[in-house]
Amino acid sequence: ETGVTQSPTHLIKTRGQQVTLRCSSQSGHNTVSWYQQALGQGPQFIFQYYREEENGRGNFPPRFSGLQFPNYSSELNVNALELDDSALYLCASSLMWDEQFFGPGTRLTVL
Amino acid sequence: SQQGEEDPQALSIQEGENATMNCSYKTSINNLQWYRQNSGRGLVHLILIRSNEREKHSGRLRVTLDTSKKSSSLLITASRAADTASYFCATDASRANSKLTFGKGITLSVRP
């Protein structure tokens, strides 16, 4: 097992609501990346955090935001949820720019 | 946008046969990584090959990289039913972070 954990496993929200997803990185890793994977597609990069600072962002609107804590765990927050936000959200941890190890994901459904 | 494009989109083989999957990409890269995903769960890291490497092995896996053709291949030898999954290639092209750009994936079915 990779040691990366995510919570919750599944989540159902309605349009306009806000959601917070959590990720605990693998021991010894200082970098966390978040990806969104729509059904039948490959994961798409949302953003990355390194030492509590955002270090790169993909093509996602500002209502997608994140945090990294001193213990390198991380949160992904999404405001004003839209139907298209329904997806599997994956967190990956790494030691700087090395191999990324993914958690099991959070399945978000927006109704 | 998705830089990596895997080929074929779907592959069905008999247990014991070899499976070859290909990936092409568009820009210069630092490294290329292959991942496996079972039934919409988390991604399992298989292998990383750096831009200055041409071939790597890990168990039954063999990965090649041709930077002149901007392509990579993943070979799984002596396939097993448990290899049934989706396989993704992901490229890391940034010098400032490790943003991975994934393709749409290949669905591999290994028949017992």
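Letters A, B, ... are given to chains in the order of the sequence lines, protein chains preceding strands, and every chain is numbered from 1.
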Rounded to the nearest 0.5 Å, the CD atom of Glu99(A) sits from the CD atom of Gln33(B) at a distance of 6.0 Å
Say whether Leu46(B) and Leu11(B) are linked into one hydrophobic cluster, either directly or through other cluster members, by side-chain heavy-atom distances under 4.5 angstrom. yes
So if you build clusters from Ile, Leu, Val, Met, Phe, Trp, Tyr with side-chain heavy-atom gaps below 4.5 Å, do Tyr72(A) and Val4(A) land together? no
Would you find more than 12 non-hydrogen atoms of other residues, nucleotides or ligands less than 6.0 Å from Arg63(A) atom CZ? yes
Provide the closest heavy-atom pair for Arg41(B) versus Leu88(A) in the form atom of the first, atom of the second, distance. O-CD2, 3.9 Å
Treat each ILVMFWY residue as a node, draw an edge where side-chain heavy atoms are under 4.5 Å apart, and state whether Leu81(A) and Leu83(A) are in one component. yes
Engaged part of Asn59(A) at the chain B interface, taking heavy atoms whose separation is under 4.5 Å: neither
Would you call Tyr35(B) and Pro43(A) a side-chain contact if the rule is heavy atoms closer than 4.5 Å? no
Can you check whether Leu100(B) reaches Tyr35(A) side chain to side chain, under 4.5 Å on heavy atoms? yes
Cluster question for you: counting only ILVMFWY and a side-chain heavy-atom cut-off of under 4.5 Å, with indirect links fine, are Phe64(A) and Phe45(A) together? no
Do the side chains of Leu76(A) and Tyr49(A) join up, straight or via other hydrophobic residues, at under 4.5 Å, putting them in one cluster? yes
Can you tell me how far apart CD (Gln100(A)) and NZ (Lys99(B)) are? Round to the nearest 0.5 Å. 12.0 Å
Applying a strict 4.5 Å limit to non-hydrogen atoms, the region of Leu48(B) in contact with chain A is side chain
Please state whether the rings of Phe102(A) and Phe102(B) are parallel, tilted or perpendicular, taking 30° and 60° as the class boundaries. perpendicular
